[in-house]
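Here the structure comes first, spelled out in structure tokens, and everything after it is commentary.
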Amino acid sequence: MKHKILIIAGLALFFSVVTYIAHDLFSNSSVKYSKSNPYEYDIQHLNKFDSVSVSYNENLAFRPQMLEMHGVATDYSDRIYVAGNKFLEIFTKTGNLLKRIALDGNALCITIDPDKNILLGMEDRIEILDMDGKLKEKWEPVSQSSIITSISSDGKNVFVADAGLTSVYQYDISGKLIGHIGDKDPHRGIPGFVVPSPYFDLGISGINEFWVANPGRHLMEKFDFEGNLIKSWGITSMEIEGFCGCCNPSHFTILKDGSFVTSEKGIERVKIYTSEGKLKCVVALPQSFKEGTRGLDLCVDSKDRIIVLDPVKKMVRVFAPNIDSKNNN
Amino acid sequence: MRKKAILFLLFLLTLFQSMESFAKQRFPKPEFESAYTQPETLQPGPRYELLAYLDVLVLLSTLSLISWLILKKRSRKGVFWISIFSLAYFGFYREGCVCSIGAIQNVSLGLFYSAYTLPFTALAFFVIPLVFTLFYGRTFCAGVCPFGAMQDLVAIQPQKMGSRLNSVLGLLPYLYLGLAVLYAATGTDFIICRYDPFVGIFRLNASFGMFVFAGILLGSGVFIARPYCRFLCPYGVILNWFSRFSKKHMTITPANCIQCKLCENTCPYDAINIPITVKNPETKQELLKKFILICILIPVLIAAGGYTGSKLHTTLAEVNPRVRLAKAVMDPVKMQEKPESYEIKAFKSSGKPAKQLLEETNEILRKFYIGGWLLGGFMGLTFGLLIAGRLITNYNPDYVPNKGTCLSCNRCIEYCPVKV
Ligand code: SF4
């Protein structure tokens with residue numbers, strides 16, 4: 001009798017396992033559609049920064065008349081240039097439209113050189129316009145796969161960031177390709193660029209030096225015009241001091257005192273770092289942007305106002321230091 | 001000699017070189033230091049190729065050693081210590097993966113899906129125990145499989161269940177094997193891994209549910225020795241087939257059986273065939289009748305099983321995530337009842353037309369229709385052979401282990417008074 005009871009007990013337990021498997025596998029009620037993604041990393045808590053640490057106020061915003069906008073730049077008289085699909089628009093520093101120029105394609109980036117040329121990165125090629133918007137030059141594309149995401153010029157040299165081929169090109173102002181900079185070269189201690197998505201920015205910072213954002217490595221890297229890597233800074237972190245995600249900083253620009261203004265995607269934020277790469281202050285927090293905003297191109301004017309292109313709200317947004325932080329400084 | 005030593009050293013250095021290149025990161029690791037909980041996955045993290053080869057080497061060594069201990073040394077103690085080692089190495093250290101049972105799915109997927117590259121270790125873990133079984137019986141089950149070792153530890157009050165119950169329950173592993181192959185071959189899921197009862201314990205990260213699942217199975221194992229091995233393990237089915245043809249299976253007695261009956265009740269797995277001698281041999285007519293009956297019964301059962309399987313193909317296919325998704329997307333009533341899942345959201349945001357999903361689903365259903373026939377036919381055949389086995393009397397004069405079901409644990413040996 002005891003023998004039978006033990007067998008029944010054993011079988012009951014065993015069949016409860018089999019029943020569970022069969023039920024879990026076939027039952028409709030167990031259709032495992034999860035309401036939430038099990039792999040999702042909830043980063044909401046990272047969006048909630050102390051707004052007291054924000055040292056800038058948005059004191060101007062205006063809307064360009066184009067559907068798709070990618071690049072923003074200022075010139076010597078603080079006019080604001082916005083480049084996008086099929087159009088280039090020029091505004092006064094207070095946001096009044098001065099001129100609208102039709103383009104032959106999609107401009108992904110823009111810069112104004114000291115000789116008053118407008119340099120545009122038109123997806124895979126460079127175009128140079130005069131201040132009236134007349135096409136002066138069109139350079140041959142390096143490759144059909146090029147995606148030119150940033151351009152900067154000191155009047156003699158033109159540096160171009162190509163996210164498609166993950167390379168930086170150095171041209172002279174006549175459009176002659178001088179060479180590639182920053183490609184992986186262990187002998188020269190250059191780790192190479194990692195550009196998982198088309199956000200790859202650069203900017204000349206002074207005589208014989210320019211900076212490149214290496215977004216996959218979360219680094220800002222400084223090169224000389226000979227292509228030597230001079231220094232780099234940046235830490236990978238979800239916290240406010242660092243950069244995170246697959247490609248950040250997505251954009252940057254440089255203030256008069258050599259500080260960096262950076263923008264990020266994923267956790268949308270604009271921050272200022274000292275020239276040594278230490279976090280100085282916050283310009284805008286994720287609350288200021290629509291979730292999922294990417295492509296926050298930046299430029300500064302002569303008053304160090306920070307101009308942010310918000311392609312989701314389709315606005316040019318101008319930030320200036322708030323009074324308190326000015327007083328503190 | 002010196003030259004050889006230098007060559008060996010250089011070889012070692014190249015191995016380290018390969019480890020370095022495996023360790024290289026293409027991108028910096030994503031930073032998940034804050035508040036991220038990694039969801040449970042079916043497989044543990046990837047392993048250096050070199051260490052994967054080490055696993056194969058350990059498998060080969062333990063199998064060789066245990067086969068020698070079982071057949072030559074006739075040692076139960078040796079088997080016990082090997083099973084403790086296997087539990088520690090393949091179980092807790094290797095976290096139950098790669099395992100021969102799960103490798104069935106890798107092999108099935110490799111056979112039916114050309115884009116899948118069958119990992120060498122999975123193939124090795126599938127084939128090596130089979131080869132050993134073909135020579136020496138189920139020495140793998142005796143103490144190399146960590147699942148078996150784990151259950152062996154809890155078999156405190158094993159009860160004899162009788163051959164009829166054993167035979168009926170013995171059909172379950174065939175069904176599990178058929179389903180596992182079907183789902184792996186159609187790229188649906190690796191159900192053996194999904195319902196692996198012990199993996200959570202091996203990885204020391206079992207959720208409460210998994211812990212209860214394993215606990216219940218082990219609990220039943222107190223009274224029914226090795227329930228997973230005997231009544232669920234799909235690899236056990238294949239080992240059973242191979243073991244029947246084993247060249248040198250273990251024997252209870254080292255010499256002639258003296259029919260002392262001391263071993264009769266020692267097998268916790270009901271795997272000892274008791275002697276059946278020819279007292280009233282069946283007449284030729286009776287044998288012919290049985291033969292004709294079997295010849296008719298088996299094809300009929302195969303056809304009936306196949307037909308039933310084909311009729312059930314949509315139910316079987318509902319395990320496939322693509323089919324489930326299609327069902328949820330195409331069935332707006334259900335969708336209203338349930339909040340939209342992230343799978344549906346992901347599908348919608350992919351921009352794929354529903355028509356394409358439907359086409360993919362139809363293709364999967366077609367595969368399941370064929371699979372349903374094969375699975376049903378296989379079950380029909382298994383059932384037919386079970387009946388045939390019960391109709392045919394196997395005459396054997398001695399106490400012998402059943403070569404198919406004997407797990408070569410060597411327990412019965414200790415009770416045999418015959419010594420050489
Ligand atoms: S070795 Fe003996 S006790 Fe062990 S499973 Fe085989 S027949 Fe049973």
Side-chain angles (χ1 to χ4, degrees), chain A residues 2-46 191-192 194-196 214-219 234-239 242-248 266, chain B residues 26-40 157-162 165 169 172 176 179 183 189 191 194-195 197 209 212-225 227-228 231-232 315-316 318-319 321 324-325 327-328 334 338-346:
Chain A
K2 188 188 159 208
H3 164 82
K4 261 194 181 159
I5 290 173
L6 293 182
I7 291 181
I8 291 168
L11 283 177
L13 289 173
F14 176 71
F15 273 106
S16 62
V17 168
V18 175
T19 313
Y20 166 77
I21 294 177
H23 177 266
D24 194 64
L25 200 58
F26 295 115
S27 158
N28 265 337
S29 61
S30 73
V31 171
K32 293 173 282 290
Y33 270 119
S34 9
K35 274 168 241 144
S36 62
N37 182 348
Y39 288 92
E40 191 171 351
Y41 185 15
D42 185 5
I43 52 170
Q44 285 309 312
H45 69 286
L46 291 162
V194 179
V195 187
N214 193 343
R217 297 189 195 278
H218 303 143
L219 287 177
I235 52 164
T236 299
S237 173
M238 291 267 183
E239 301 305 327
F243 303 118
C244 59
C246 79
C247 345
N248 276 314
Chain B
R26 198 155 71 95
F27 300 121
K29 254 190 183 173
E31 179 225 18
F32 283 143
E33 87 248 7
S34 34
Y36 184 73
T37 338
Q38 190 80 37
E40 273 164 25
Q157 280 262 359
Q159 305 296 314
K160 285 186 87 62
M161 295 208 302
L165 194 54
L169 287 177
L172 280 176
Y176 200 18
L179 287 171
Y183 288 130
D189 202 351
I191 58 167
R194 178 164 302 287
Y195 300 110
V212 171
F213 185 57
I216 292 176
L217 195 65
L218 287 175
S220 72
V222 174
F223 312 119
I224 301 170
Y228 185 86
F231 307 129
L232 271 182
T315 310
L316 292 169
E318 270 178 35
V319 175
R324 275 182 179 171
L325 178 68
K327 209 178 159 196
K334 270 222 174 98
K338 280 186 192 145
E340 198 165 77
S341 68
Y342 81 92
E343 286 92 343
I344 296 172
K345 274 188 211 151

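Below, chain A is the first sequence line, B the second, and so on; all start at residue 1.
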| Has the side chain of H3(A) got a donor or acceptor atom that lies under 3.5 Å from a matching backbone atom of K160(B)? | yes
A side-chain contact here means heavy atoms from C-beta on lying under 4.5 Å apart; do [X] and [Y] qualify?
| X | Y | value |
| --- | --- | --- |
| F213(B) | I21(A) | yes |
| F15(A) | L169(B) | yes |
| D189(B) | L25(A) | no |

| message | Apply side-chain contact (heavy atoms from CB on, under 4.5 Å) to residues V18(A) and Y176(B) and explain how you reach the verdict. | response | CA-CA 10 Å; V18(A) 175; Y176(B) 200 18; over 6 Å; no
Which atoms of [X] are under 4.5 Å from chain A, going by heavy atoms: the side chain, the backbone, both sets, or neither?
| X | value |
| --- | --- |
| L316(B) | both |
| I216(B) | both |
| Y183(B) | side chain |

| task | Kindly indicate, with the supporting measurements, whether the criterion side-chain contact (heavy atoms from CB on, under 4.5 Å) is fulfilled by L217(B) and L13(A). | result | CA-CA 7 Å; L217(B) 195 65; L13(A) 289 173; over 6 Å; no
| G10(A) versus S220(B), closest heavy-atom pair with distance | O-CB, 3.1 Å
| request: Drop me the distance from L6(A)'s CG to Q159(B)'s CD, to the nearest 0.5 angstrom. | output: 4.5 Å
| Atom pair CD1/CZ of I5(A) and F223(B) - distance to nearest 0.5 Å | 10.5 Å
| Interface moiety of F14(A) toward chain B, non-hydrogen atoms closer than 4.5 Å |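 For F14(A), the contact with chain B is made by backbone and side chain together.
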